Visitor: 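Pasting a structure here, questions to come.
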There are 2 protein chains.
Amino acid sequence: MLSDRSARLGEGVGDLSRNVRSRTRREILDAASGLFAVAGFKGTSLQDIAAEVGCSKATLLYHFDGKDAILVEMLAPAVGAFGVLDRQLAGLADDTVQLAAVKGYVDLVLSFRREVTVLHGDIPGLLRHPALADVQGMVDRLLDALASRSPDPSAQVTALMVLGAIPIVCMKPVAMNDDELRDVLVRSAAGALNARGA
Amino acid sequence: MLSDRSARLGEGVGDLSRNVRSRTRREILDAASGLFAVAGFKGTSLQDIAAEVGCSKATLLYHFDGKDAILVEMLAPAVGAFGVLDRQLAGLADDTVQLAAVKGYVDLVLSFRREVTVLHGDIPGLLRHPALADVQGMVDRLLDALASRSPDPSAQVTALMVLGAIPIVCMKPVAMNDDELRDVLVRSAAGALNARGA
DNA sequence: GTCTATAGAGGGATAGAC
DNA sequence: GTCTATCCCTCTATAGAC
């Protein structure tokens with residue numbers, strides 16, 4: 001169902017008027033993600049979202065099973081893509097997994113900037129959420145991959161640094177297009193990882 | 001008054017029984033910082049803090065002018081130390097400021113782990129707080145220093161990465177003492193910064 | 001200085017008309 | 001499918017007894 005949903009992201013011009021349901025849902029998700037990104041999940045009320053969309057709180061709760069459901073569905077495509085990366089990395093050997101992890105993680109973050117901003121803004125609360133339980137495991141495996149699956153503490157610390165270094169570029173605007181940005185991120189992350197032994 | 005307070009941090013055995021006021025205040029600050037760190041500022045209620053301390057909500061509000069005041073006073077020593085670093089870096093030349101910024105920032109984060117965790121856990125909400133208004137400016141100047149005061153976008157992105165890379169080590173426990181940790185952090189951060197041109 | 005009790009605001013969620 | 005009105009809860013903060 002996750003892949004189902006992400007597949008619908010690039011939906012074309014065809015059946016716009018068929019079901020209004022999807023359209024309103026998407027407006028709600030758009031408004032919510034924007035507000036969550038600047039004020040945090042707990043810092044945003046249903047009233048805030050309703051005001052942004054231009055509807056009532058009751059309408060939000062007709063389309064979603066609660067505030068949490070809005071968050072979960074908003075993050076679903078990003079979580080799905082993270083899962084894909086997780087499975088890709090699982091199939092790689094220890095000596096090739098690190099660079100693939102860096103590139104895959106950078107791509108993931110750049111593809112889901114808003115979602116990453118939301119997650120990054122309320123780490124203590126959100127990663128504890130039941131619906132995001134698998135994310136914690138994926139983060140742990142990503143860290144392991146970034147450390148070339150080495151048990152060396154210094155490798156693990158550096159992996160942690162890379163994990164924290166990438167998402168922060170979502171917060172501040174930067175005068176670069178995405179291709180240049182991807183390049184700088186991958187190069188600098190690799191530089192941090194290599195500097196460990198030097 | 002900030003330096004006044006930080007100076008009192010290492011207070012000895014002398015006048016413990018003199019004013020109970022300070023003792024209770026510190027218990028409150030301790031409990032609050034621990035809870036803020038794991039559940040976030042908005043995710044922690046006065047009731048939570050009162051339960052941890054073993055007193056009533058009213059007692060908290062007798063000692064502090066409100067929930068915000070607890071946060072601000074809890075962060076005061078860290079903010080003060082950040083200000084010291086800020087002024088030190090201001091006096092350095094462009095070609096020496098980067099390494100000093102890295103070392104100073106790493107030391108700062110390692111010295112105030114809990115405070116950094118609190119700030120890091122609720123970035124959207126907390127940096128907007130009026131009492132923490134100067135922090136935003138200090139962060140901007142630190143970023144500038146980490147970029148060797150270069151206007152190059154790639155230097156600024158890398159500085160941003162370093163800014164995000166250090167605090168995350170506060171969140172996960174790591175099998176290293178602080179001296180080793182400081183060394184890895186500085187070395188890897190320098191590696192990221194140098195990799196930019198390579 | 002600490003407590004109980006309570007005010008007052010705002011949150012999420014539901015009921016029922018349209 | 002959307003609305004208004006309302007319920008119930010939790011939160012911050014205050015009042016006043018001890």
Side-chain angles (χ1 to χ4, degrees), chain A residues 15-33 35-36 38-75 118 121-122 124-126 128-132, chain B residues 15-33 35-36 38-75 118 121-122 124-126 128-132:
Chain A
D15 48 0
L16 274 186
S17 60
R18 231 227 335 252
N19 52 354
V20 186
R21 191 165 176 270
S22 299
R23 217 175 78 74
T24 307
R25 282 173 70 92
R26 207 153 330 167
E27 283 178 9
I28 293 171
L29 290 174
D30 259 27
S33 66
L35 291 169
F36 289 166
V38 307
F41 177 68
K42 282 198 270 283
T44 303
S45 70
L46 292 182
Q47 203 127 24
D48 295 332
I49 302 171
E52 180 89 358
V53 174
C55 68
S56 71
K57 286 192 289 178
T59 298
L60 303 182
L61 296 167
Y62 168 80
H63 288 282
F64 296 91
D65 286 342
K67 192 188 177 189
D68 283 16
I70 298 179
L71 175 77
V72 169
E73 183 152 339
M74 189 207 104
L75 294 178
V118 172
D122 191 2
L126 296 189
R128 262 180 202 73
H129 199 288
L132 274 53
Chain B
D15 48 0
L16 274 186
S17 61
R18 231 230 333 255
N19 52 354
V20 186
R21 190 162 177 274
S22 299
R23 218 174 76 74
T24 307
R25 283 174 68 92
R26 207 153 331 168
E27 283 178 9
I28 293 171
L29 290 173
D30 259 26
S33 66
L35 291 169
F36 290 165
V38 307
F41 177 68
K42 281 199 268 285
T44 303
S45 70
L46 292 181
Q47 200 127 23
D48 295 332
I49 303 171
E52 180 90 358
V53 174
C55 69
S56 72
K57 289 186 288 178
T59 299
L60 303 182
L61 295 168
Y62 168 80
H63 288 282
F64 297 91
D65 286 343
K67 192 188 177 188
D68 284 16
I70 298 178
L71 175 77
V72 169
E73 183 152 339
M74 191 207 102
L75 294 178
V118 173
D122 191 2
L126 295 188
R128 262 180 202 73
H129 200 290
L132 274 54

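Quick caveat: nothing in here was measured; it's all calculated off a predicted structure. Letters go in sequence order (proteins before strands), and every chain restarts at 1.
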Visitor: Respond yes when some side-chain nitrogen or oxygen of A/Thr24 is under 4.0 Å from OP1 or OP2 of D/dT2, and no when none is.
Guide: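 For D/dT2, OP1/OP2 do have a side-chain N/O of A/Thr24 under 4.0 Å.
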Visitor: Using modelled atom types and a 3.5 Å cut-off, is there a donor and acceptor pairing between side-chain atoms of A/Lys57 and backbone atoms of A/Ser45?
Guide: no
Visitor: What are the atom names and distances for every N/O pair under 3.5 Å that joins the protein to nucleotides 9-12 of chain C?
Guide:
{"from": "C/dG12", "atom 1": "OP1", "to": "A/Lys67", "atom 2": "NZ", "distance (Å)": "3.0"}
{"from": "C/dG12", "atom 1": "OP2", "to": "A/Leu46", "atom 2": "N", "distance (Å)": "2.7"}
{"from": "C/dG12", "atom 1": "N7", "to": "A/Lys57", "atom 2": "NZ", "distance (Å)": "3.4"}

Visitor: Hey, could you give me the CG/CG distance between B/Asp68 and B/Leu132, rounded to the nearest 0.5 Å?
Guide: 10.0 Å
Visitor: Using side chain to side chain contact (heavy atoms under 4.5 Å, CB included) as the criterion, list what pairs up with B/Ala69, not counting sequence neighbours.
Guide: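 Result, side chain to side chain contact (heavy atoms under 4.5 Å, CB included) vs B/Ala69: B/Phe64, B/Asp65.
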Visitor: Give every pair of a protein N or O atom and an N or O atom of nucleotides 15-18 of chain C that lie under 3.5 Å apart, one pair per line with the distance.
Guide:
none

Visitor: Using atom OH of A/Tyr62 as one end and atom C1' of C/dT14 as the other, report the distance to the nearest whole Å.
Guide: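 Checked: the OH to C1' distance equals 15 Å.
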Visitor: Write down the atom of B/Met74, the atom of B/Val118, and the distance for their closest heavy-atom approach.
Guide: CE-CG2, 3.6 Å
Visitor: Report the distance from atom NZ of B/Lys42 to atom C1' of D/dT10, rounded to the nearest whole Å.
Guide: 16 Å
Visitor: To the nearest Å, how far apart are B/Leu71 CG and D/dT12 P?
Guide: 12 Å
Visitor: Partners of B/Gln47 by side-chain hydrogen bond (donor to acceptor under 3.5 Å, both in side chains), sequence neighbours excluded?
Guide: none
Visitor: Return the value, rounded to whole Å, for the distance between atom CZ of A/Phe64 and atom P of D/dG1.
Guide: 13 Å
Visitor: Distance check: side-chain N/O of B/Thr59 vs OP1/OP2 of C/dT2, anything under 4.0 Å?
Guide: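 For B/Thr59, the contact criterion (side-chain N or O under 4.0 Å from OP1 or OP2 of C/dT2) is not met.
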Visitor: Rounded to the nearest 0.5 Å, what separation is found between the CD1 atom of A/Ile70 and the CD1 atom of A/Ile49?
Guide: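 Between atom CD1 of A/Ile70 and atom CD1 of A/Ile49 there are 4.5 Å.
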Visitor: Can you tell me how far C1' of C/dT2 sits from CZ of B/Arg25, to the nearest Å?
Guide: 16 Å
Visitor: Considering residues at least two apart in sequence or located in another chain, which fulfil the salt bridge (charged side-chain N to carboxylate O under 4.0 Å, His left out) criterion with B/Lys42?
Guide: B/Asp122
Visitor: Just to verify, what does B/Glu52 make a salt bridge (charged side-chain N to carboxylate O under 4.0 Å, His left out) with, not counting sequence neighbours?
Guide: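 Applying salt bridge (charged side-chain N to carboxylate O under 4.0 Å, His left out) to B/Glu52 gives none.
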Visitor: How long is the straight-line distance from CD of A/Glu73 back to CZ of A/Arg26, given to the nearest 0.5 Å?
Guide: 10.0 Å
Visitor: Using whole Å, what does the distance between atom C1' of nucleotide C/dG1 and atom CZ of B/Arg23 come to?
Guide: 13 Å
